[in-house]
Amino acid sequence: MTARELDAAGIHEPGLRAAYTHCRDLNARHGKTYFLATRLLPVDRRTAVHALYGFARWADDIVDDLDSTATATERAAALTALEAQLESGLRDGRATEPVIRALADTASRYSIDHRHFADFLASMRSDLTVTGYTSLEDLGRYMHGSAAVIGLQMLPVLGTVTRHEEAAGPAAALGVAFQLTNFLRDVGEDLDRGRLYLPADLIAAHGVDRARLEWSRRTGARDPRITDALRAFAAHTRTVYRQALPGLGMLDPVARPCIRTAFVLYSGILDAIEAEDYTVLHRRAVVPRRRRAVVALDGLARALVARAPARHRHRQKTVTARRPAPLARTAITGIAAPVRGEAA
């Protein structure tokens, strides 16, 4: 966390500054696409986004870290401990764990509904026991907590030009679209974890089941039926992106470049998957670095344009504050003198 970001957000207490810095480091290290987009937010709002990301990342690592030797029972105990720390931190703001301390402060500053965090942890806990989903509806119930609430947590930070209730639906849809994209990109890695997020009925419609996906992952062999199933899942994901798109215009103008950049980069992952002919069972698709740079530069240009009115208002306020007191001519001498009540 840069001192400039912390100062702009009004975060001055040393321990709290360290907590936010820890969250920023997590975002920079693990959420490269998300971190890049966050840099386009107004400087005073970045700290909150890092806190939200840091919490989500911490919980996700408890459940999904492939390098961990923790058993399912140990992971469940770690989630229970996290829930207890979260409840305490949200209740009184006191927490020794940096991520919880930053999250509790952000939730207080932006009046974020605490239920969103509870719903998120409930979905994370289900990952310890649930290994597959029968339908898109079944998956959708899980994704309310794992993805939709992320968009809802972000909304108060981003700000809107419409009623919060009107923007909530598209914000939730965008969180879902991002996670559906991750599910498709990471389908091979998730199989390694013993988990599958592609709904059974969707892939069965193309003659595919879990065993066939595992065979392809294990052997590296291709099957056109698998390609068709993955293409269908990508088509569903693009539909959710379309549902989320109107929400971009509902955001505070200075926040739109950030979310638009994330929108373009994440949907670009779908383009990369398509360009590689849906070989996600064998390698992870990535947006080319040059494409990322172009999108980032476009986002930066949009951000600068969006912030220009605010900077102009700030300059005008500064000039007005520094301008010498208006002068009035005395009726007798015609000499300029300070207006009554203002310093000479």
Side-chain angles (χ1 to χ4, degrees), residues 30 33 60-73 75-76 122-148 173 175-244 265-288:
H30 298 290
T33 296
D60 189 64
D61 280 349
I62 290 174
V63 174
D64 279 343
D65 186 0
L66 284 174
D67 295 327
S68 173
T69 58
T71 65
T73 300
R75 292 176 192 263
S123 285
M124 293 300 97
R125 186 172 292 279
S126 74
D127 275 336
L128 296 175
T129 56
V130 178
T131 60
Y133 296 87
T134 59
S135 65
L136 282 172
E137 291 74 18
D138 189 24
L139 180 64
R141 285 188 287 272
Y142 162 79
M143 294 185 70
H144 165 75
S146 65
V176 170
F178 287 170
Q179 190 170 60
L180 287 171
T181 302
N182 286 343
F183 287 162
L184 185 59
R185 181 195 62 191
D186 301 338
V187 62
E189 295 174 16
D190 286 331
L191 281 173
D192 294 343
R193 298 183 176 98
R195 206 176 298 138
L196 178 63
Y197 293 102
L198 306 186
D201 63 350
L202 184 148
I203 62 175
H206 299 276
V208 177
D209 59 13
R210 186 187 191 117
R212 183 161 294 277
L213 294 173
E214 291 172 340
W215 163 81
S216 178
R217 174 69 170 172
R218 183 176 64 254
T219 65
R222 300 290 304 278
D223 184 325
R225 292 172 293 182
I226 292 177
T227 300
D228 289 342
L230 297 174
R231 185 180 290 114
F233 192 81
H236 169 70
T237 303
R238 290 192 187 279
T239 296
V240 180
Y241 273 108
R242 288 193 291 272
Q243 294 168 353
L265 288 175
Y266 260 92
S267 58
I269 295 173
L270 293 181
D271 296 335
I273 290 171
E274 181 180 7
E276 295 179 9
D277 199 26
Y278 299 92
T279 55
V280 288
L281 281 165
H282 312 126
R283 61 177 178 268
R284 170 182 276 217
V286 297
V287 178

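Bear in mind the structure is a predicted one, so any value in this text is a computation, not a measurement.
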Can you tell me how far the [atom1] atom of [X] sits from the [atom2] atom of [Y], to the nearest 0.5 Å?
X    : Y    : atom1 : atom2 : answer
H282 : T219 : NE2   : OG1   : 6.0 Å
R284 : D186 : CZ    : CG    : 4.5 Å
R185 : Q179 : CZ    : CD    : 11.0 Å
L281 : R218 : CG    : CZ    : 11.5 Å
T237 : L270 : OG1   : CG    : 6.0 Å

CA sep, side-chain torsions, deciding dist, call: V187, F233, side-chain contact (heavy atoms from CB on, under 4.5 Å): CA-CA 11 Å; V187 62; F233 192 81; over 6 Å; no
Minimum heavy-atom separation for [X] and [Y], please, with both atom names.
X    : Y    : value
R225 : D223 : N-OD1, 2.8 Å
V63  : R75  : O-NH1, 3.1 Å
R222 : W215 : O-CH2, 4.2 Å
S216 : A221 : OG-O, 2.7 Å
V286 : A272 : O-CB, 3.5 Å
S267 : R238 : O-NH1, 4.3 Å

Residues L180, M143; criterion side-chain contact (heavy atoms from CB on, under 4.5 Å); working and verdict: CA-CA 9 Å; L180 287 171; M143 294 185 70; 3.7 Å; yes
Which residues share a ring-ring contact (aromatic ring centres under 6.0 Å, His included) with F178, sequence neighbours left out: Y266
Y278: partners by ring-ring contact (aromatic ring centres under 6.0 Å, His included), with sequence neighbours left out: none
For residues 196-211, which side-chain N or O atoms pair as donor and acceptor with protein atoms under 3.5 Å away, sequence neighbours left out?
residue : atom : partner : partner atom : Å
Y197    : OH   : D127    : OD1          : 2.9
Y197    : OH   : D127    : OD2          : 3.4
Y197    : OH   : R195    : NH1          : 3.3
D209    : OD1  : A211    : N            : 3.3
D209    : OD1  : R212    : N            : 2.9
R210    : NE   : E214    : OE2          : 3.3
R210    : NH1  : T131    : O            : 2.8
R210    : NH2  : T131    : O            : 3.4
R210    : NH2  : G194    : O            : 2.7

side-chain contact (heavy atoms from CB on, under 4.5 Å) evaluation trace for L230 with I226: CA-CA 6 Å; L230 297 174; I226 292 177; 3.9 Å; yes
N/O donor-acceptor pair under 3.5 Å between S135 side chain and D138 backbone: yes
Short side-chain to backbone donor-acceptor contact, S123 and Y142, under 3.5 Å: yes
Working for salt bridge (charged side-chain N to carboxylate O under 4.0 Å, His left out), residues R231 and D228: CA-CA 5 Å; R231 185 180 290 114; D228 289 342; 2.9 Å; yes
side-chain contact (heavy atoms from CB on, under 4.5 Å) evaluation trace for D192 with R217: CA-CA 9 Å; D192 294 343; R217 174 69 170 172; 2.6 Å; yes
